[in-house]
Each structure stands twice: as structure tokens, then as C-alpha cells.
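Computation of the quantities below employed the complete heavy-atom set of this structure, encompassing side-chain atoms and omitting hydrogens, waters and symmetry-equivalent molecules.
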Amino acid sequence: MAAMPSLFVSHGAPNLILYDTPARQFLADYAESIERPTAILSVSAHFETDRPAVVADPAPDMIYDFGGFEDELYTLTYPAPGDPALAERVAGLLSDADLAPAIVRKRGYDHGTWVPLMLLYPGADIPVAQLSVQPGASAAHHYRLGEALAPLRDEGVLIVGSGSFTHNLYEAFQNLKRGAVDAERPDWVSAFVDWMVPRIEAGAVDDLLDYRTKAPFAVENHPTDEHLLPLYVALGAAGARPKGHRIHESHQFGALELDAFAFN
């Protein structure tokens, strides 16, 4: 079996799963283009801890970590089994890298995990472990997490970093209130995307790790950067030459860029 890619996907709003959009269609189709993984490690922007935490539940529950959306969303379930053995393996790799992981239990699937996985693997028959992000830590810290986890790709594990390529919710919600799903992308979003994408494709790690200083309108696109941190885990897991390629490009509500990247 060839090494699995590591992925960064933009999971959008929870109701992404309900409507026919390019981002939804991409997630529904993408799994057919890669080998079937033996297990999945989800790194969700909605799982935040002070230090790396990996979930070892054999049967995680659902977390509906949002409000004000369609009632149907609160009835959806993703009954994929957990993977305690993978959780232990992840904790071991992170411990070997002096990243002080914790193993936690009784922590369900948040929408950063179940929205993309429900579309990628709707059969819910692939075991899933979950790893947290540390919003108080740097992009470099999350890159190190990915580097430590790189061996998993050779073990058939699909690493899925789930966040959002841009995530200014205030701006997006102004268009949401007006029902402007297809609002034009602002220039400040385009400038950020146009800076990030070629550097991801070139593997310009130093620039990417310093994106908050170097990228145009970085703070406007990510007032807080927890939704971009999963990208750095996927980038680090790609190995010594972490060049990525964009596998999806779309946006919603003007300011919400929903691009996805694969690192091989």
C-alpha cells in the first residue's frame, strides 16, 4: 500500500452537508480518488486543548457544537467506531517528539470531524481517532505535530486536518444574514489566498510558518487562527519535502474560502 496523503479540508458551516454546493460535492467525490485508509486521524479546529490530546473512545458520541442552524442537523449521526489502538500510537509518536500528549475519553465527534467524514466516507465503517489543536500555540508547533505523525501515512492512516482556509465569521455572517451565499469574494480574501496557495504548492515552509506576519491580510482572514492550524499538521505530515496541491477551490458568503489541499 502506498503512503496515504495528508489532507487539509475546509469544513464550512455545519449545514454544508445539507446543500448542493461545490464544496459539498468535492467532499462527496474525493475519497474515490485515493486508496481506502485503514483508519482516519481527524485534526479538527473545533477540538481545542492546551496540549495535544488524542481521543481513545471506542465508540464516540456526537457533539452538536453550534446553534441557530437547521433542526435536521441535530438528528444526524456518524457512527464510525473509534480507534483506541491508533490513539495510543498517536500518543506514542507525539511523546517521542517531546510534545507531551494526553489521552482523553468521553469526547465525541464535533462538526469539524463529522461534517467532512460523513461526506468522504458515508458508510461510517472506517475507525476514527481525533487529535486536538492548541490555539495558544504557533503554526510551527502544529507543523511539528504533523512531522511526528508522518509515519502513520505509511501505516494506511489518512490524516485529515479540518478547518477553513479563511475564517472571518463576522464578514461571512453579514452576507449570511442577507442570504448572499454567492457573494463576491473581497479583494482582501483574494490577496491572502493568492499569497498562500503558491507557497503551499512550492513547500515554502518558512514563509508559511510566518504567515501571520508575511501574508497580506492574514489577521483579517483569520482573526484567530485555530481554523488554519490543521493545515500545518497536514503540511508537517507530508515529510521532508512538503509540497501540496490544491484539490478544491470555492467560497461561500464572500469571506469564507473553502479550499482543500493534499500533501503526498
Partners meeting side chain to side chain donor-acceptor pair (under 3.5 Å) with T166 (sequence neighbours left out): none

Write down the atom of P60, the atom of P81, and the distance for their closest heavy-atom approach. CD-C, 4.3 Å

L235 reachable from I200 in the ILVMFWY side-chain graph, under 4.5 Å edges: yes

Would you call K214-D206 a salt bridge at under 4.0 Å N-O? no

Side-chain (R89) to main-chain (L152) donor-acceptor, under 3.5 angstrom: no

Which heavy atom of A129 sits nearest a heavy atom of A87, and at what distance? CB-N, 4.3 Å

With a 4.5 Å limit on heavy-atom distance, are the side chains of L231 and Y211 in contact? no

Can you check whether S162 reaches T113 side chain to side chain, under 4.5 Å on heavy atoms? no

Pair F165 + F261: ring centers closer than 6.0 Å: yes

Are I247 and V193 joined in one hydrophobic group, where the rule is that I, L, V, M, F, W and Y side chains link up if heavy atoms are under 4.5 Å apart? no

Polar side-chain atom of Y64 near backbone of L76 as donor-acceptor pair, under 3.5 Å: yes

Scanning both residues in full, the closest heavy-atom pair of P135 with L229 reads CA-CD1, 4.0 Å

I40 to L86 - nearest heavy-atom pair and separation: O-CD2, 3.8 Å

Determine whether M118 and L7 fall in the same hydrophobic cluster, where Ile, Leu, Val, Met, Phe, Trp and Tyr are linked whenever their side-chain heavy atoms lie under 4.5 Å apart. yes

Verify side-chain contact (heavy atoms from CB on, under 4.5 Å) between L94 and L131, making sure each step is shown before the conclusion. CA-CA 11 Å; L94 297 181; L131 178 66; 3.9 Å; yes

We want to know whether Q134 and S132 form a side-chain donor-acceptor pair, criterion being a heavy-atom distance below 3.5 angstrom. yes

Output the distance between atom CG (D210) and atom OG1 (T213), rounded to the nearest 0.5 Å. 4.0 Å

Exceeds 12 heavy-atom contacts within 6.0 angstrom, atom CG of D20: no

OG (S250) and CZ (R24) are apart, to the nearest 0.5 Å, by 13.0 Å

Kindly indicate, with the supporting measurements, whether the criterion side-chain contact (heavy atoms from CB on, under 4.5 Å) is fulfilled by R105 and V55. CA-CA 6 Å; R105 293 175 173 82; V55 179; over 6 Å; no

Is the gap between the ring centers of Y74 and F66 under 6.0 Å? yes

With under 30° as parallel and over 60° as perpendicular, where do the rings of H46 and H111 fit, or are they tilted in between? tilted

What pair of heavy atoms forms the shortest contact from A56 to I103, and how long is it? CB-CG2, 3.6 Å

What do you reckon, is CG of D50 surrounded by more than 12 foreign heavy atoms closer than 6.0 Å? no

Is it the case that more than 12 heavy atoms not belonging to D187 sit under 6.0 Å from its CG atom? no

If two hydrophobic side chains count as joined below 4.5 Å and joins carry through other members, does V43 share a cluster with V128? no

Beyond-backbone contact of W114 with I63, side-chain heavy atoms, under 4.5 angstrom: no

Min side-chain heavy-atom separation P242-V205 under 4.5 Å: yes

Criterion side chain to side chain contact (heavy atoms under 4.5 Å, CB included) against F192, the qualifying member of E220, E257, H222: H222

Would you say M4 and V157 make side-chain contact, with heavy atoms under 4.5 Å? no

Measuring from F8:CZ to D259:CG, what's the distance to the nearest 0.5 Å? 8.5 Å

Assess, by modelled atom type and distance only, whether the side chains of Q252 and Y19 contain a donor and an acceptor separated by less than 3.5 Å. no

Distance-minimising heavy-atom pair for Q130 and D110: OE1-N, 4.1 Å

Going by heavy atoms in the side chains, are N168 and N221 under 4.5 Å from each other? no

Residues Y30, V9; criterion side-chain contact (heavy atoms from CB on, under 4.5 Å); working and verdict: CA-CA 11 Å; Y30 180 73; V9 300; over 6 Å; no

Is it the case that one hydrophobic cluster holds both L41 and V104, taking links as side-chain heavy atoms less than 4.5 Å apart, direct or via other members? no

